[in-house]
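All remarks here apply to the structure that follows.
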Amino acid sequence: MGFFDRVKKAFGAKPKADEEKQSEEAELKQEAVLDSEGSETSEQAEKMSENSTVEDSEDVTEQQESEAFTENDLEAVEVESESTTTPDSEQEATHAEQSVVQSEEISSEDRVETSDDNEQAPTDPIVDETSKVASTDQATDSTSESSVEVDEDLTEAQEPDEDSSEPLDSDADESDSVAEYDQGLAKSRTGFTARLNKFLANFRSVDEDFFEDLEEMLIEADVGFDTAMTISNQLREEVKLKNAKTKKQVGQVIVEKMVDIYGEAGEQEDNTLHFAEAGEPTVYLFVGVNGAGKTTTIGKLAAKYHDEGKSVLLAAGDTFRAGAIEQLAEWARRTKTDIVTSKAGADPASVIFEAAKKAHAENYDILLVDTAGRLQNNVNLMNELAKIKRVIVRELPNAPQEVLLVLDASTGQNALNQAKQFSKTTDVTGLILTKLDGSSKGGIVIAIRNELHLPVKLVGLGEKTADLQLFDPAKYVYGLFKDLIED
Ligand SMILES: Nc1nc2c(ncn2[C@@H]2O[C@H](COP(=O)(O)OP(=O)(O)OP(=O)(O)O)[C@@H](O)[C@H]2O)c(=O)[nH]1
């Protein structure tokens with residue numbers, strides 16, 4: 001069974017009403033008569049043309065329905081996110097008190113040890129003077145010089161979701177997760193449906209022009225050039241396409257082929273997040289360009305693991321921007337997790353070394369490491385990442401378990417190019433695609449799999465904590481092509 005059929009079976013198969021079945025049977029019989037006679041009587045030809053008019057108008061209605069659905073969904077999402085912004089000041093205050101106590105205990109004993117390994121250890125003089133384990137409050141103090149910048153950055157980069165205690169991808173609730181994909185991909189789905197309908201509106205017959213238009217449509221839908229060519233070439237041989245009589249059937253065959261190619265390409269792909277052996281901290285290193293969504297994703301993951309009862313430590317390795325330190329400290333406060341910070345401008349490797357040491361010594365379950373996002377072709381950044389990995393390994397030889405490249409999906413092909421650049425110089429183990437909800441470029445997932453062979457591990461389907469979902473290819477495909485899969 002192809003991937004399309006498997007997805008259809010899992011999410012899309014709806015029992016058909018008797019009337020629907022009868023009319024389909026009648027349609028099939030009519031087609032059989034036409035085939036066996038080899039020619040059409042004028043009456044039959046008229047019926048066919050009536051049928052195809054009905055099909056056409058169905059297409060239009062469907063598109064309208066799907067657009068209406070999307071608007072409603074988006075409104076619902078907005079309302080929901082508004083209702084989640086009530087601050088829980090009582091809890092925050094309690095946590096802030098706990099953090100202060102804890103950091104006082106820690107800061108007296110924890111220092112970056114640099115003397116035993118001058119080559120590898122972070123010896124930046126700024127670091128030695130300033131780097132320390134800090135609570136949220138300390139981080140605020142230590143970055144007070146840059147307070148104007150911090151405030152601006154926080155406003156610009158959006159305050160963390162207040163309702164971050166909400167569990168994400170909660171174990172049992174499969175249907176919630178499907179609904180997340182459904183809503184988060186509504187914009188991409190509408191965009192794709194509109195493109196497909198535009199393409200089908202010009203459909204007359206399966207000839208050379210058809211394939212040229214198809215390739216163009218697929219490239220515009222961001223499935224990538226190579227993938228568009230593969231789909232088009234395979235469809236040339238496709239018997240189902242040759243037999244497709246209506247525009248709807250043609251659309252169905254195209255999507256089916258696209259989904260099957262996607263499924264085949266991912267047969268060996270491991271989309272799961274990896275964890276350390278029991279008793280060792282798991283370390284995830286987050287890389288990616290500015291604004292891709294690293295800090296937000298770390299905050300959402302911190303909430304998830306904290307809610308699962310795991311002890312979580314954050315490392316503010318983006319020392320390049322004071323706002324980034326403060327933003328992560330805010331997430332730590334909201335998610336009631338601990339954080340290691342330093343002053344802006346300190347050596348990131350030093351902060352991360354200290355965090356790894358603390359995670360090891362105090363048996364944290366998870367260490368989530370933020371890094372600065374500068375241009376992916378910046379050699380210094382790549383060297384910096386290599387240095388960061390070295391200092392982590394010194395403390396935790398099996399870490400990091402994941403190096404996760406965060407990509408803003410709404411940048412389409414640009415995200416694909418970033419992934420190519422990063423994976424050339426860094427051992428990226430998986431991708432996180434953010435902002436899919438605000439993008440109509442969901443087809444990028446198909447391009448990434450077929451052209452990059454890097455597994456997507458998490459997807460950001462909205463601003464709320466629960467909108468960060470573990471990547472599930474079947475749910476994704478369903479969210480993207482739901483209208484055609486359910487037919
Ligand atoms: N709609 C939506 N917005 C998101 C998602 N993920 C992140 N964002 C928003 O994207 C913006 C940038 O996110 P950050 O987490 O600050 O990005 P960053 O990669 O840490 O950026 P730097 O700190 O500049 O390196 C913020 O406004 C986030 O709220 C998502 O899945 N959906």
Side-chain angles (χ1 to χ4, degrees), residues 73-74 77-78 80-82 84-85 143 146 149-164 168-169 180-181 183-188 284-304 314-332 334-335 341 344 348 368-376 378 381 384-385 404-411 414-415 418-419 422 431-442 444-445 456-471 476 479:
D73 271 5
L74 290 177
V77 172
E78 272 163 27
E80 226 177 294
S81 66
E82 272 170 26
T84 58
T85 53
T143 53
S146 338
E149 191 195 338
V150 169
D151 289 349
E152 276 172 5
D153 285 336
L154 270 179
T155 318
E156 189 192 17
Q158 188 250 346
E159 285 265 345
D161 177 8
E162 293 276 353
D163 189 20
S164 51
L168 61 75
D169 196 51
E180 284 288 342
Y181 274 88
Q183 277 189 5
L185 293 171
K187 206 165 169 183
S188 288
Y284 294 164
L285 191 60
F286 293 78
V287 299
V289 301
N290 263 337
K294 291 185 296 297
T295 314
T296 310
T297 303
I298 292 174
K300 288 174 177 176
L301 263 188
K304 168 187 162 66
L314 310 183
D318 183 356
T319 56
F320 190 67
R321 220 167 50 85
I325 301 172
E326 179 57 15
Q327 195 188 348
L328 197 69
E330 180 63 14
W331 271 109
R334 297 268 162 82
T335 57
T341 64
L368 304 175
V369 180
D370 198 7
T371 62
R374 273 168 275 162
L375 282 178
Q376 67 272 18
N378 181 337
L381 174 65
E384 192 172 284
L385 289 175
L404 298 164
L405 173 60
V406 182
L407 297 171
D408 177 345
S410 65
T411 62
N414 195 19
Q418 277 171 28
F422 262 97
L431 302 175
I432 300 176
L433 278 182
T434 62
K435 309 184 202 179
L436 275 161
D437 52 307
S439 161
S440 59
K441 296 176 183 288
I444 193 72
V445 160
V456 177
K457 303 225 166 179
L458 288 160
V459 280
L461 298 166
E463 299 255 4
K464 287 188 280 112
T465 304
D467 297 330
L468 181 70
Q469 290 276 323
L470 298 172
F471 182 65
Y476 193 93

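Just follow the structure's listing: the first ligand is 1, and inside any ligand the first atom is 1.
Residues satisfying the side chain to side chain donor-acceptor pair (under 3.5 Å) criterion with Thr295, sequence neighbours excluded, are Asp370. Every residue two or more places apart in sequence or in another chain was checked for a side chain to side chain donor-acceptor pair (under 3.5 Å) with Thr297, and none qualifies.
Of the N or O atoms in Asp370, none lie within a sub-3.5 Å distance of an N or O in ligand 1. Checked by distance only, ligand 1 and Gln327 come closer than 3.5 Å through their nitrogen or oxygen atoms. Below 3.5 Å of separation, one finds an N or O of Lys294 facing an N or O of ligand 1. Distances between N or O atoms of Ala292 and those of ligand 1 include at least one value under 3.5 Å.
Residue contacts with ligand 1 leave out Gly288, since none of its heavy atoms falls under 4.0 Å from the ligand.
The backbone N or O of Ala344 lies less than 3.5 Å from no partner atom in the side chain of Thr319, so there is not a single donor-acceptor pair. Remark: side-chain polar atoms of Ser188 are paired, donor with acceptor, to backbone N or O of Ser439 under 3.5 angstrom.
Within ligand 1, counting atoms from 1 as listed, the ones closer than 4.0 Å to a heavy atom of Arg321 are 22 (P), 23 (O), 24 (O). Listed by atom number, the atoms of ligand 1 under 4.0 Å from Gly460 heavy atoms are 31 (O).
Under 4.0 Å from ligand 1, the heavy atoms of Asp437 that appear belong solely to its side chain.
Distance check, rounded to the nearest 0.5 Å: CD of Gln418 to CG of Leu431 gives 11.0 Å. Between Asn290 atom CG and Asp318 atom CG the span is 7.0 Å, to the nearest 0.5 Å.
Of the candidates Ser439, Gly184, Gly291, the one placing a heavy atom closest to atom 21 (O) of ligand 1 is Gly291.
Using cut-offs of 30° and 60° on the angle between ring planes, the pair Phe471 and Tyr181 is tilted.
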